[in-house]
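Order of the sequence lines fixes the chain letters, A, B, ..., with proteins taken first and strands second; residue numbering starts at 1 for each chain.
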There are 2 protein chains.
Amino acid sequence: MMGEEFQASKPIYMQIVDRIVQQIIRGELLPEEKLPSVREMAIQTGVNPNTIQRTYSELERMEVVETKRGQGTFITEDEQMIKQLKVNMQIGIIEVFVKNMKELGFSDKEMVTGLETYFERKRGEDDD
Amino acid sequence: MMGEEFQASKPIYMQIVDRIVQQIIRGELLPEEKLPSVREMAIQTGVNPNTIQRTYSELERMEVVETKRGQGTFITEDEQMIKQLKVNMQIGIIEVFVKNMKELGFSDKEMVTGLETYFERKRGEDDD
DNA sequence: ATTAGTGTATTAGTTAGATAGTACACTAAT
DNA sequence: ATTAGTGTACTATCTAACTAATACACTAAT
């Protein structure tokens with residue numbers, strides 16, 4: 001019923017961190033908004049409260065949430081921080097991509113054309 | 001002296017798999033070429049022979065090497081397989097990239113322009 | 001048959017992450 | 001002061017994956 005699928009390759013608490021960060025960046029979670037309590041979130045995701053606490057600790061370390069002891073955990077009100085977060089995440093993803101492609105021997109230009117070709121082929125397919 | 005750095009986030013045997021696959025794709029390891037023996041490779045990389053065996057088992061499962069019991073482990077002679085391997089690896093990397101960027105709310109076009117911008121900025125920097 | 005070199009199998013130890021249970025501390029409302 | 005809801009801390013246990021150590025099995029050459 002509740003237990004969603006988590007990948008075995010990455011700690012659950014980090015997968016939840018990723019999910020929340022994505023929601024913030026996409027604007028689905030707004031500044032100053034309150035996150036579910038540790039215990040509530042644990043129920044929602046079907047994991048142990050301790051795992052959620054790790055998630056929230058990590059989010060606080062990243063400075064994307066603030067915890068008010070006794071009140072709850074809230075998305076940061078610093079919109080500039082969120083904007084910067086999106087940029088940093090984007091750069092991180094690009095750097096991994098470039099590194100991986102480079103290891104296969106692709107040049108910068110080939111990476112761009114490779115990506116474009118991928119999109120073209122995807123649009124040309126029947127379904128999905 | 002020998003022990004190179006491995007990331008803690010990924011199994012060592014898989015990191016060695018990645019390295020060997022990259023060498024094959026880049027043409028640094030040629031078809032029918034013999035890989036170092038399990039024990040020799042273990043010494044070279046500074047890990048346990050058992051870890052190398054897992055590496056070779058995985059490579060065999062991927063059909064990029066063939067093992068001849070009592071003789072050694074050899075790169076496949078099937079050049080078409082290697083060509084396909086490069087394509088598959090490339091698609092895999094692109095798919096991860098696209099998935100990650102999509103999760104941040106980027107469109108297909110924004111991914112391409114984002115990548116191009118990244119390269120332009122990189123070329124405009126002082127060093128590295 | 002022996003030896004050296006090879007892959008393979010089996011068992012054991014180590015570690016990180018997840019879980020579980022309990023207790024503590026702060027806040028707001030009553 | 002009490003209560004309910006919140007984050008935090010601590011300890012212990014469990015589990016899966018990785019790593020390690022050792023022994024076994026096959027191949028080729030002598």
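Of the candidates C/dT8, D/dC18, C/dT19, the closest approach to any side-chain atom of B/Y13 belongs to D/dC18. Distance from the side chain of B/N48 is smallest to D/dA20 among D/dA20, C/dG17, D/dT8. Comparing C/dG7, C/dG17, C/dT19 against the side chain of B/R69 picks out C/dG7 as the nearest. Comparing D/dG7, C/dT8, D/dT27 by their nearest atom to the side chain of B/Q53 picks out C/dT8. In this structure, of D/dG7, D/dT19, C/dT8, it is D/dT19 that holds the atom nearest to the side chain of B/T51.
Note that A/K102 lies outside the cation-pi zone of A/F97, set by a 6.0 Å cut-off to the ring centre and a 45° limit from the axis. Relative to the six-membered ring of A/F119, B/K109 misses at least one condition, a distance below 6.0 Å or an angle of at most 45° to the axis.
Between the P atom of D/dT19 and the CE atom of B/M14 lies a distance of 11 Å, rounded to the nearest Å. In this structure, the CD atom of A/E66 is 16 Å from the C1' atom of D/dT6, given to the nearest Å. Atom CD1 of B/I43 is separated from atom P of D/dA21 by 13 Å (rounded to the nearest Å). Summarising the geometry, the separation between CD on B/E40 and C1' on C/dG7 is reported as 15 Å, rounded to the nearest angstrom. Taking atom CZ of A/R54 as the reference point, atom P of C/dA20 lies 14 Å away to the nearest angstrom. If you take CD1 of B/I12 and P of C/dT15, they are 13 Å apart, rounded to a whole angstrom. In this structure, A/M41 places its CE atom 14 Å from P of D/dT8, rounding to the nearest Å. In this structure, B/I52 atom CD1 and D/dA21 atom P are separated by 14 Å, rounded to whole Å.
Considering only side-chain N and O atoms, B/T73 lies under 4.0 angstrom from the phosphate OP1 or OP2 of C/dG7. Phosphate proximity of C/dG5 to B/Q71: absent, as no side-chain N or O sits under 4.0 Å from OP1 or OP2. Between D/dT6 and A/S37, a contact under 4.0 Å exists linking OP1 or OP2 to a side-chain N or O.
The cluster map of Ile, Leu, Val, Met, Phe, Trp and Tyr, joined by side-chain heavy atoms under 4.5 Å apart, puts B/M62 and B/I93 in the same cluster.
Considering CD1 of A/I16 and CD1 of A/I52, their distance stands at 4.0 Å, rounded to 0.5 Å.
Each of A/R39 and B/G70 lies near DNA chain D, and the nucleotide nearest A/R39 is the one positioned closer to the 5' end. Between B/K34 and B/N50, it is B/K34 whose nearest contact on DNA chain C lies nearer the 5' terminus.
In terms of modelled atom types and a separation under 3.5 Å, the side chain of B/Q15 and the main chain of B/Q7 share a donor-acceptor contact. With hydrogens and angles disregarded, no donor-acceptor distance shorter than 3.5 Å links the side chain of A/Q84 to the backbone of A/M81.
Other residues, nucleotides and ligands contribute over 12 non-hydrogen atoms within 6.0 Å of the NZ atom of B/K34. Open room surrounds CD on A/E79; 12 or fewer heavy atoms of other groups in view lie less than 6.0 Å from it.
Counting only Watson-Crick or G-U wobble pairs whose defining distances are both under 3.5 Å, the stems of 3 or more consecutive pairs in DNA chain C are C:1-30 with D:1-30.
Counting non-hydrogen atoms under 4.0 angstrom, A/S57 reaches nothing in the nucleic acid.
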